[in-house]
Amino acid sequence: MFGRLVVMVILLALSGAGAPEQPPATGVPGGTGMLAAPRSPRNANYRMTARLDPRSRTLRGEGLLTWRNISARPADTLQFHLYWNAWRNTRSSWMRERQRAGDTTLSRRPEPDWAWIDLTSISRIGTEGAPIDLTSHLRFIAPDDGNADDRTVAEVQLDAPVAPGETVNVQIAWSSYVPRTFARTGTIGSFYFLAHWFPKIGVLEDDGWNTHQFHSTTEFFADFGIYDVRLTVPAGWVVGATGLERGRRDEADGTTTHHYYAEDVHDFAWTTSPDYLERTATFEHPNLPHVAMRLLLQPEHAGQADRHFEATRAALKHYGEWYGPYPYGNVTIVDPAWQSGAGGMEYPTLFTAGTRWLAPRRVAQPESVTVHEAGHQFWYGIVANNEFEHAWMDEGLNTFSTARTLEQFFQPYYYSKRYFGGFVPWVFYDLPISRATDGNRLPGYRPAARADAQSTPTWQYWPGTAGAISYNKTALWLHTLERMLGWEVLQRILSTYYARWSFRHPRPQDFFAVVNEVSGRDLTWFFDQVHRGSNAFDYGVQTFRSERAGDRGHFGDGERRAFSSEPRPGQDYTTTVVVRRHGEGIFPVPVRVVFEDGEEVRWEWDGRSRWKLFEVDRPSRARSVEVDPDRMLLLDVDYTNNSMSLRPRAAEAARKWSLAWLIWLQDQLLTYGFFI
């Protein structure tokens with residue numbers, strides 16, 4: 001009887017029953033208290049309370065997890081992510097991987113910078129309401145690498161299995177120490193950004209638990225649910241979080257409890273600071289749902305509020321028109337504190353942007369990061385693939401979509417270089433950013449082209465090149481598909497994929513099946529190379545000649561034999577081209593020759609052989625040759641060998657060298673001026 005009473009008290013505390021709350025003062029409408037029609041399975045639901053103590057940098061929480069087994073197998077255990085233990089010491093797999101990639105600075109951090117999370121108790125609520133303590137059955141596991149010192153995954157043995165379709169209620173309590181920011185999570189001064197801050201249930205699939213350790217090259221994977229969360233912080237501190245604020249309550253000890261609620265999300269992140277400026281705006285569109293936008297801004301960036309809102313509107317508009325509507329009705333944009341290391345990260349209905357105090361117009365900061373992180377709401381937040389294993393399905397699709405959005409709403413924008421620790425920007429107004437190269441991050445892809453096959457589980461990528469394979473390579477091959485199939489076809493592919501797989505955790509084969517279905521073409525040969533292989537593409541011109549056509553030598557027999565070097569009548573020049581496949585990747589590419597009279601000849605080459613000879617006789621001398629002149633194959637790692645000219649364009653060469661020299665000179669002048 002006493003046990004049941006304890007459980008009832010806990011549940012009442014978690015629900016906030018009987019506690020009067022003030023109406024939200026955020027400018028964003030509060031929840032109605034009614035559940036919307038489910039968009040997702042809603043099988044991992046959390047009701048939590050947490051208290052942040054900035055003086056000790058501790059966070060304590062407790063909660064009720066209601067988990068339903070939607071797999072085809074019974075669950076004898078539950079597995080939880082304890083992400084903050086990645087920063088407990090240098091023996092964690094996360095830290096070892098960072099060191100393996102050459103990052104030695106993190107391991108030298110002072111004692112206050114480190115972090116941990118302790119799951120202090122876990123109990124199953126029995127059928128009669130009595131708690132069954134399972135804490136003694138808790139153990140750490142390392143399913144990926146066997147590292148016995150890694151504590152980022154914990155497993156608890158259940159007293160009875162949870163059959164397919166059944167639900168279990170689990171009471172958890174934990175305490176943690178907030179780090180100086182690792183992986184965009186933590187604190188600096190009075191700024192806190194808290195992500196992956198609670199014991200997070202893994203994903204049970206038909207073949208077992210999918211609960212990867214925390215790796216330095218990957219992000220996250222979780223099931224959808226309802227989050228009902230109360231956060232207690234010092235009074236006067238502004239709070240932003242996943243979902244909507246339903247109310248707040250001032251406590252007797254000088255703190256305030258903020259109540260947030262979100263449906264059909266797979267994570268919950270939040271931030272707090274006494275320094276935030278709060279701004280609100282609305283996204284409106286004739287054919288898309290309206291979205292309430294809330295911006296939490298650093299005071300020194302007050303003049304950039306409209307730029308954050310316009311970039312968020314651009315993402316909601318273009319992604320919504322191209323792929324499908326954003327369904328949540330609200331989004332929170334967070335401008336993180338300077339040097340916080342929390343910028344450029346996505347969470348359900350909330351993301352961190354990133355800007356500078358000096359942010360010139362026509363340089364896409366904060367626009368590019370804001371579009372990118374707002375765009376993550378679609379692929380990461382709604383489609384929600386497994387980013388431990390297939391990060392490219394979110395990061396790559398979003399990098400491609402970001403570049404395309406910036407091309408639509410923010411052209412032209414220019415390259416800039418920052419000096420003095422990134423503080424002073426210098427804008428090169430004669431160097432506009434190109435979507436094909438800069439937007440798709442071709443320079444970052446080139447050195448990593450052969451590093452890993454994209455089909456390798458992302459957590460197993462080489463740490464130093466994982467980003468290039470997930471982000472850059474995918475953007476390049478998607479843009480190549482756009483040029484090969486046409487935007488209308490690719491847009492139908494992506495909108496079909498978004499509609500079909502929202503809230504469903506797709507896998508690569510699901511995406512490829514949609515591509516083949518909608519395009520009406522079997523593109524397995526393409527995905528075998530760009531996804532399942534690590535071959536690099538590189539086509540180039542090896543030989544280019546255009547000479548007077550004719551036959552030279554001895555002709556005829558006997559007395560009629562004579563030496564001749566006369567040109568053939570009507571055919572003044574023979575043009576010879578040899579193109580070569582330098583890389584292992586194979587792709588059909590055309591070859592085009594332009595002649596001095598303005599005419600051109602174009603050959604189609606399947607790109608399979610290592611080299612191919614083309615010859616043509618024309619009355620005009622050839623001027624230039626180019627393989628893949630339309631630049632359909634954006635994965636080509638070396639464009640410098642794609643063309644050749646018989647008359648070098650001196651002006652163009654001089655321009656390139658002068659720009660390189662000017663960049664060097666400007667750097668020297670700025671550096672010199674600093675010391676004067």
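Just so it is clear, the structure is predicted and the values come from calculations on it, not from any experiment. The analysis underlying the following values was restricted to heavy atoms, covering all of them including side chains, and did not include hydrogens, waters or symmetry mates.
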Fill in the blank from the handout: So side-chain hydrogen bond (donor to acceptor under 3.5 Å, both in side chains) across residues 358-369, not counting sequence neighbours, yields R307-E367, Q365-R418
Donor-acceptor contacts, no H, no angles, side chain residues 405-412, under 3.5 Å, sequence neighbours left out:
unit_1	atom_1	unit_2	atom_2	d
T405	OG1	S401	O	2.8
E407	OE1	R435	NH1	3.2

Fill in the blank from the handout: Residues at least two apart in sequence or cross-chain that pass side-chain hydrogen bond (donor to acceptor under 3.5 Å, both in side chains) with H318, listed by chain then number, are none
Exercise for the section: Tell me, please, which residues at least two apart from Y498 pass side-chain hydrogen bond (donor to acceptor under 3.5 Å, both in side chains). Expected result: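 None.
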Is there a donor-acceptor pair closer than 3.5 Å between any side-chain N or O of [X] and the backbone N or O of [Y]?
X: R60; Y: R51; result: no
X: N398; Y: W379; result: no
X: D452; Y: W462; result: yes

Verify whether one side chain among [X] and [Y] offers a donor that lies under 3.5 Å from an acceptor in the other.
X: D335; Y: T355; result: no
X: H390; Y: N385; result: no
X: T332; Y: N330; result: no
X: Q454; Y: T474; result: yes

Exercise for the section: Measure from the ring center of H376 to the ring center of Y319 and say whether it is less than 6.0 Å. Expected result: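 For H376 and Y319, the ring centres are not under 6.0 Å apart.
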Problem - F214 ring center near F182 ring center (under 6.0 Å) - result: no
Exercise for the section: Please identify each residue that fulfils side-chain contact (heavy atoms from CB on, under 4.5 Å) with Q377, with sequence neighbours left out. Expected result: Y326, F351
Exercise for the section: Please identify each residue that fulfils side-chain contact (heavy atoms from CB on, under 4.5 Å) with P54, with sequence neighbours left out. Expected result: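 If we apply the side-chain contact (heavy atoms from CB on, under 4.5 Å) test to P54, skipping adjacent residues, the hits are L52, Y192, P234, W237.
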